[in-house]
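Side chains included, hydrogens not; waters and symmetry mates left out as well; all remaining heavy atoms used.
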Amino acid sequence: MYMKLRKITDVGLKVLTALLLATALILTFTVSDYYIFNRIGEYGFIFVFCQWVKKAGLLLIPLAVYYNKKSCSDVAKYVLPLFVIVSCFTFGEFFNATPITEESTNAELVYAHINGFLPKAANMALFFLSNAFYLLICAGLFVRDGYKVNAKSFIYLPFAVVACMPLNIFENFFDINDFAPDHFLRFGSFTVWHALAVLVLIGFTIASYYFLKNKDRKTQNDFLVAAAIVLMIQYHSKDSMVMGDGYNVYNTVFACIPLFICNLGVYVASVSVILKKKVLYAISFFVHAAGAVSVFFYFGKDGMSDYGIFCSYSILYFCLTHCILFALSVLPSALGHYKFKIKDCLIPLAYYFAVIIVASVASALVTSASMGFGFDGYILQEGEFLLPNYAFTQINPLPFEVPMWKLTIWKCDLNALYILGLYAFYVGIFLAFNGAYYAFLAVRKAIIKKRAPAELPAEAVSEAAVTDTEEKED
């Protein structure tokens, strides 16, 4: 009887968790979801903090349910219910959040109309439905794991809260309008903040490697999965931001379609560490690691971007998501989980070619369609048409012009020569990345050979065995 109840509880928890994550994803496509976090004074500290802790719950609950992490279960079932219940009674004007003001331009009203595709009633229903899922899951964890709790489990709570921090929270302390475009604190290509971003990318990856390298394989996988969940939570914060305050220069839901190479990389890298499929990891390693690191070294012409100052949402979001993406794309190989051969580059190259084509067509279609978008009698004018973030296939970020080889898709002209050159450029990055990978393997092999077998940790022996197995399978 107990075993039957346990099985039913496990299945129910997994289904409820999937429903919670799906509901949370839909809610990111509302202005209010992240609009409140840089307006604590307006929406109230208690409610805002409850919503923040609930974001941390989206990390704790999947780890507790799908990976049986007892520490996450302890924190979730004893902490989350309080914040969920309080949020049900303190929401105030949460559902009325809107970026529209008396100063809004006609174009901004059109954008707001596009972004308001989810009605207020649906927003409210999904909000309370998600709260019900939280409470049912916490109750299920009590049934599955009992009432006993390890006090050490709560050490993980502050880490979960920090990992899921709404990155626009710092905007409570400054007004971006107080900083001129040429202000020292403004982020831009080849500024001191750009150099700091590159150092953070390098430091984060190296620190993650040394943190994980002496841990057993299961622990390494658990941390990689946790990082993947954090990446997905932070990535989807952008959905709400583009519809409220905007992300960089983007301000409509069309910019949330994941066709930019790093947007796709978030899904591929996350799924690769969760499912442990080599083909997905090969794509992540050869395509998305190269893409993530390349944009760190050149952010494009200043006129194309508006990251704000170094602690604005746009730059914090960019740096955090790309750091985690790069780390997830390279750490499994660095830790010895996978070993690639030349043939493993073929699928990633074909995959990226397909991405370039789809992104080019989709970008042109969105821009063309936006030429007829309007609201209350006003139609968007030239200069107001939508250029989603995957319009990198339309807009040349380089400081020089590329000769025009016109390709017309609907109402939009693309430069086919630039698109082919873009693909060729990334092929060059792939080859360089492949060379760096084999150089890393050679150095690593030489270091391991110099060490006496007795000095090797158990993880290295296991790692060597996995490598031998993979080589035989290949």
J.: Restricting to pairs with a member in residues 198-227, which pass ring pair (Phe, Tyr, Trp, His ring centres under 6.0 Å), not counting sequence neighbours?
T.: F211-F223
J.: Are the aromatic rings of W193 and F187 close, with centres under 6.0 Å apart?
T.: no
J.: Would you say D33 and S240 are linked by a side-chain donor-acceptor pair, where the criterion is simply a distance under 3.5 Å?
T.: no
J.: Tell me the ring pair (Phe, Tyr, Trp, His ring centres under 6.0 Å) pairs involving residues 312-336, sequence neighbours left out?
T.: Y247-Y317, F296-F318, F299-F318, Y307-F318, Y313-Y317, F318-H322
J.: I'd like to check the side chain to side chain donor-acceptor pair (under 3.5 Å) partners of T23; sequence neighbours left out, ordered by chain and number.
T.: none
J.: List for me each residue that meets side chain to side chain donor-acceptor pair (under 3.5 Å) alongside Y156, sequence neighbours excluded, and say none if there are none.
T.: none
J.: Please identify each residue that fulfils ring pair (Phe, Tyr, Trp, His ring centres under 6.0 Å) with F173, with sequence neighbours left out.
T.: none
J.: Do any pairs count as a salt bridge (Lys or Arg N to Asp or Glu O under 4.0 Å) and have a residue in residues 121-133, sequence neighbours left out, and if so which ones?
T.: none
J.: Looking at residues at least two apart in the chain, or sitting in another chain, which of them share a side chain to side chain donor-acceptor pair (under 3.5 Å) with D175?
T.: N177
J.: Of all residues at least two apart in sequence or in a different chain, which pass the side chain to side chain contact (heavy atoms under 4.5 Å, CB included) check with F95?
T.: F91, K120, N123, M124, F127, F128
J.: Could you pull out all residues at least two apart from V15 that satisfy side chain to side chain contact (heavy atoms under 4.5 Å, CB included)?
T.: V11, L19
J.: Is any NZ, NE, NH1 or NH2 atom of the basic residue among K69 and D222 found under 4.0 Å from an Asp or Glu carboxylate oxygen of the other?
T.: yes
J.: Which atom pairs, donor and acceptor, lie under 3.5 Å between side-chain atoms of residues 44-53 and protein residues at least two apart or in another chain?
T.:
residue: Q51; atom: OE1; partner: K54; partner atom: NZ; Å: 2.8
residue: W52; atom: NE1; partner: V161; partner atom: O; Å: 2.8

J.: E42: which residues meet the side chain to side chain contact (heavy atoms under 4.5 Å, CB included) condition with it, sequence neighbours left out?
T.: R39
J.: Can you name the residues that form a ring pair (Phe, Tyr, Trp, His ring centres under 6.0 Å) with F179, not counting sequence neighbours?
T.: H183
